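Everything numeric here is computed off the predicted structure, so don't read it as measured data.
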Amino acid sequence: HSGLFSAELIGGSTSGRTAAIAHSEPLPVLSLLGFEARVGLIGAIEYFVLEMDLYDGANRTRFLVQWTDATNAVEYWSSAGGLEFLGTLDLSTLGSLFHVVKLVADGPNRRYVRVLFNDRGFTLPGVGGQVAADAASARLDVTLVVGSRAALNDVLFVDNVIITQNEPN
């Protein structure tokens with residue numbers, strides 16, 4: 001995790017003020033699914049988001065977690081379509097340190113399982129993802145977004161992105 005082959009996301013300073021990296025793949029066998037990445041902060045940012053969208057040909061289920069730098073707030077996207085507070089977490093801004101971030105969802109039941117930041121976990125027992133009608137082809141989309149503070153170009157490094165199946169309960 002030296003950053004040698006990392007993607008550097010540079011958020012915009014005007015308009016949408018975000019940068020993202022995304023990947024789509026055919027729908028895997030539904031099980032406990034994980035979206036994991038290493039993120040490197042070299043300074044302050046507005047926020048970063050891990051998002052996993054599961055399309056089954058009739059519906060899209062969104063699982064999303066956001067960390068906000070100024071407040072250290074960890075939030076998830078609710079089934080009603082808004083951010084809900086999970087807790088706080090102070091991530092260091094040491095340039096050489098990559099943080100492990102992982103979002104785990106129960107694919108068949110369309111529910112969150114847990115969110116991990118390094119060795120700190122947040123569980124979400126029974127919490128559903130946001131389901132919306134969407135006839136797009138069956139697939140799994142994952143996205144990592146960095147949001148910049150106004151008039152700045154905040155940076156987030158992304159490394160070792162993986163999608164996992166059959167996560168332990």
Side-chain angles (χ1 to χ4, degrees), residues 6-12 15-28 30-41 45-69 71-87 89 91 98-118 120-124 126-149 154-165 167:
S6 299
E8 180 182 21
L9 300 182
I10 303 172
S15 191
R17 301 192 343 239
T18 62
I21 188 167
H23 175 75
S24 255
E25 66 177 54
L27 188 64
L30 290 182
S31 63
L32 295 187
L33 302 169
F35 171 29
E36 179 178 326
R38 307 299 192 266
V39 296
L41 301 161
I45 62 172
E46 182 74 23
Y47 63 87
F48 74 79
V49 167
L50 257 69
E51 180 177 340
M52 186 164 42
D53 291 304
L54 184 62
Y55 295 85
D56 63 10
N59 294 300
R60 180 210 72 227
T61 306
R62 173 164 292 154
F63 303 99
L64 180 148
V65 64
Q66 175 174 301
W67 177 76
T68 303
D69 193 0
T71 61
N72 291 316
V74 177
E75 299 168 295
Y76 71 94
W77 194 253
S78 74
S79 60
L83 288 170
E84 297 286 338
F85 182 77
L86 268 177
L89 180 67
L91 296 177
F98 276 81
H99 300 284
V100 178
V101 183
K102 187 171 194 174
L103 170 60
V104 179
D106 180 343
N109 296 306
R110 310 292 200 245
R111 300 202 175 280
Y112 288 91
V113 175
R114 67 182 158 277
V115 177
L116 304 171
F117 288 85
N118 299 322
R120 174 102 185 264
F122 298 91
T123 58
L124 294 120
V127 176
Q130 182 192 28
V131 179
D134 194 317
S137 61
R139 68 181 190 273
L140 176 66
D141 291 351
V142 293
T143 308
L144 200 146
V145 179
V146 62
S148 283
R149 296 162 294 154
D154 295 335
V155 175
L156 183 73
F157 287 94
V158 180
D159 205 346
N160 296 96
V161 176
I162 61 172
I163 298 168
T164 57
Q165 283 184 269
E167 284 285 327

With sequence neighbours left out, write down each residue that passes side-chain hydrogen bond (donor to acceptor under 3.5 Å, both in side chains) with Thr71, or none if nothing qualifies. none
State, to 0.1 Å, how close Trp67 and Leu89 come at their nearest heavy-atom pair, and which atoms those are. NE1-O, 2.9 Å
What pairs with Arg62 under salt bridge (charged side-chain N to carboxylate O under 4.0 Å, His left out), at least two apart in sequence or on another chain? Glu51, Asp53
Report yes if some heavy atom in the side chain of Pro28 is under 4.5 Å from a heavy atom in the side chain of Gln165; otherwise report no. yes
Side-chain donor/acceptor of Asn118 to backbone N/O of Arg120, under 3.5 Å: no
Applying side chain to side chain contact (heavy atoms under 4.5 Å, CB included), name anything that partners Val113, two or more places apart in sequence or on another chain. Leu32, Val104, Asp106
Can you name the residues that form a side-chain hydrogen bond (donor to acceptor under 3.5 Å, both in side chains) with Thr18, not counting sequence neighbours? none
With Gln66, which residues qualify under side-chain hydrogen bond (donor to acceptor under 3.5 Å, both in side chains), at least two apart? Thr68
Minimal non-hydrogen separation, Leu91 against Phe117, with atom names: CD1-CD2, 4.3 Å
Nearest heavy-atom neighbours spanning Gly128 and Arg111: N-NH1, 3.4 Å
Once side chain to side chain contact (heavy atoms under 4.5 Å, CB included) is applied, do any residues pair with Ala136, and if so which ones, sequence neighbours excluded? Tyr55, Asp134, Arg139
Which residues pass the side chain to side chain contact (heavy atoms under 4.5 Å, CB included) test with Leu30, not counting sequence neighbours? Leu27, Leu33, Leu54, Pro108, Arg110
With sequence neighbours excluded, residues passing salt bridge (charged side-chain N to carboxylate O under 4.0 Å, His left out) with Glu36: Arg38, Lys102
Please report the closest heavy-atom contact between Phe85 and Ala73, naming both atoms and the distance. CE1-CB, 4.1 Å
Here the pair of heavy atoms bringing Gly121 nearest to Leu116 is CA-CD2, 3.7 Å
The criterion is salt bridge (charged side-chain N to carboxylate O under 4.0 Å, His left out); which residues satisfy it with Arg149, sequence neighbours excluded? Asp154
Suppose we screen for side chain to side chain contact (heavy atoms under 4.5 Å, CB included). Which residues come up paired with Ala132, at least two apart in sequence or across chains? Arg60
Determine the minimum heavy-atom distance between Val146 and Gly11, stating which atoms define it. CG1-N, 4.1 Å
Measuring from atom CD of Glu25 to atom CG of Leu140, what distance do you get when rounded to the nearest 0.5 angstrom? 5.5 Å
Between Tyr47 and Val145, is there a donor-acceptor pair closer than 3.5 Å when you use the side chain of the first and the backbone of the second? no
Residue pairs passing the side chain to side chain donor-acceptor pair (under 3.5 Å) test with at least one member in residues 72-82, sequence neighbours excluded, are Trp77-Gln130
